[in-house]
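Below: the structure, in structure tokens.
None of these values were measured; they are calculated from a predicted model. The analysis underlying the following values was restricted to heavy atoms, covering all of them including side chains, and did not include hydrogens, waters or symmetry mates.
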Amino acid sequence: MKNKTIVYTLHFLCFIVAALTIVGCQQKQEQVGQEQGITITDDLGRKLHLPKQPERVFGFTSAMAEMLFAIVDTANIIARTPDCDYPAAVYTKPVVSNYPVDLEQVLALKPDLIFTSEGMTPLEDAARLQELGIPVYYQKYRTVEDVLKGIEDIGRIMGREQVANHLADSLRKEVQQLEANYRNRPNPLQVLTITWTDPIYVYGKNTLLTDKLRILGAENAVKETFDQPYPALTREYILKLNPDVLMGGTKEKLEQTFFSQYPELRKIKAYKDGRIYAPTGNLIERPGPRIVESIKELEGFLYP
Amino acid sequence: MMRILYFILALLLIAIVIVLGLQVGSFESDLATIAEAFLNYNPDNTTHYAIVHLRLPRLLLALVVGAALAFCGYLMQAMVNNGLADPYLLGTASGASLGAVLVFFGFINISISGFYMPPVLAMAGAFIVTLVVVILGYRKRQLIPAQLLLAGIAISSLCTAIVGLLTFLSDSEGKLKSVIFWSMGSFERASWTLLPYPAIALIVALILFAFMQKQLNILMLGSERAQALGVQVSYTRWAILATVSIVTGFAVATSGPIGFVGLIVPHVTRGLLGTTGRSNLLFCAFVGGLFMLLCDLLSRIIYPPTGLPIGIITSFFGVPFFVYLLSRKNYKFSS
């Protein structure tokens, strides 16, 4: 009887030990699994954990779509936003609403990662997507070099370093060449670029355009740093800036929509000299792989 | 005697605020520069140009629009015998907003024959909506104030809903900025070519109603008593409606729908001069103009260079004063 009790007790202990071992092993496996995932930090300092290298991705901005199509295998890009129009291959992808974010549609697409840029996707939307298990990676650009680094970052995350680094390096070389051509120019051209006419909104100092102009030896006429990247300005402020060059539309278009509304601004130097140009919206607005194309377009306006 | 003192004080304050306002802008300018700009104007000097062609019309437009809205608010409150009435009761503001928004969203060309269309369409929207509200408020050859009020609210809501729908469906951030800027009011579009429209409308209306102050005071006793006291109620109401729709229409078309002024300034006037003062309307216009000038100046000092939307400032500074006025025991809406 006593032996039986000892045997039962030993069996019970063995069972407990075995159970604990199995549970312990499972826990260890989970830790290993976590260790096997990837933790990345985006440009806003947000840490994102990815269980594996992402395979199903898309961009929440049209510029990001251009970046992805330049770096990632097309098969890995699973959607586009309504504004995406470049490259032509983007039209083969299903449209997903980014404003407001169609959460159900995004969930149905099962992306491993969504790329976006600062200010283009509200952080609350990113947090909600994170709760649903979809990480959102933000990039932030202040300079042309930031965009080139952004290309390299996407390449690293997507396992396409070779393609991305090659693209970034070739673009970097072109930027350096342009920079060398226009370095130390006396009396740099003062350029004012409007984004909207009523009220008057312009490209502020803390936008990528300021760096593009610097590369070309010119300056953004807006020297003051405002809270908004694209501040509203008064007619008097623009009269005081007195830019050499005005960008934002053709002479004919701005005559109809801008100068007819604000005839006082016909006193600025750019109007008197007829230096009014219409940059291509998709080029000047989008921080992407066509950034050098954008700088060269500006070069054509500034130094015809 | 007090009445004359109040008038002198209002005029003095208007002059002081205009002089202060002339000094606020992107170009640095002290009193000497301002005096030089007027006495020895040099068109090639951009500071002179800014003072004469940008700052002065802006200040005068603020003065005129403030005066117009306060004046129309006084008329509307007298007409419907209700202290909650304001110039936008007839749907003028929402009609004007809808007109402007239709242009911003591309339903109508932004510029036709060199004319910038948002103010033109705002004016048209204001008139069309006012006409619809008046038709709905008209029954058995008489204007029914209660019906007019309800029609105004209903049509305004419809216009606001259409504006909301267009805004929601907007495909560009710029369009949204235009709508927001328009809906909160601004004097940034002021110019010497724009100023005469609201100014002439206001001056004509002030002259017309200078002879009707007595009828207005009696109208505030209610239509039956006014009729018994010999006032031609129907005629007076039509005169008020026509005046309010034209004057408010011009004010909104040039500066956007600026709230609160038309509601509170008539109360301030009655609080200071009494409910049956003979020169209440004129004083109301002066105080409205002064209040708007002050709000515009503050908005530009607080948030340079564009200034905060003027509607925000009128509410921030108007509400505390309004609450104080209403809490005064000796103030009442009508006699």
Contact origin within [X] toward chain B - heavy atom pairs under 4.5 Å:
| X | result |
| --- | --- |
| A:Phe226 | side chain |
| A:Lys240 | both |
| A:Ser260 | side chain |
| A:Tyr237 | both |

For the side chain of [X] and the backbone of [Y], is there at least one donor-acceptor N/O pair under 3.5 Å apart?
| X | Y | value |
| --- | --- | --- |
| B:Gln23 | B:Asp30 | no |
| A:Thr81 | A:Thr61 | no |
| A:Glu264 | A:Glu236 | no |

Could you tell me how the ring of B:Phe104 sits relative to the ring of B:Trp182: parallel (under 30°), tilted (30 to 60°) or perpendicular (over 60°)?
perpendicular
Looking only at heavy atoms and a cut-off of under 4.5 Å, which of B:Ala50, B:Gly307, B:Ala190, B:Ser191 has the most pairs with chain A?
B:Ala190
Answer yes or no: is there a side-chain heavy-atom contact under 4.5 Å between B:Tyr116 and B:Val103?
no
Heavy-atom proximity to chain A below 4.5 Å, by part of B:Arg189:
both
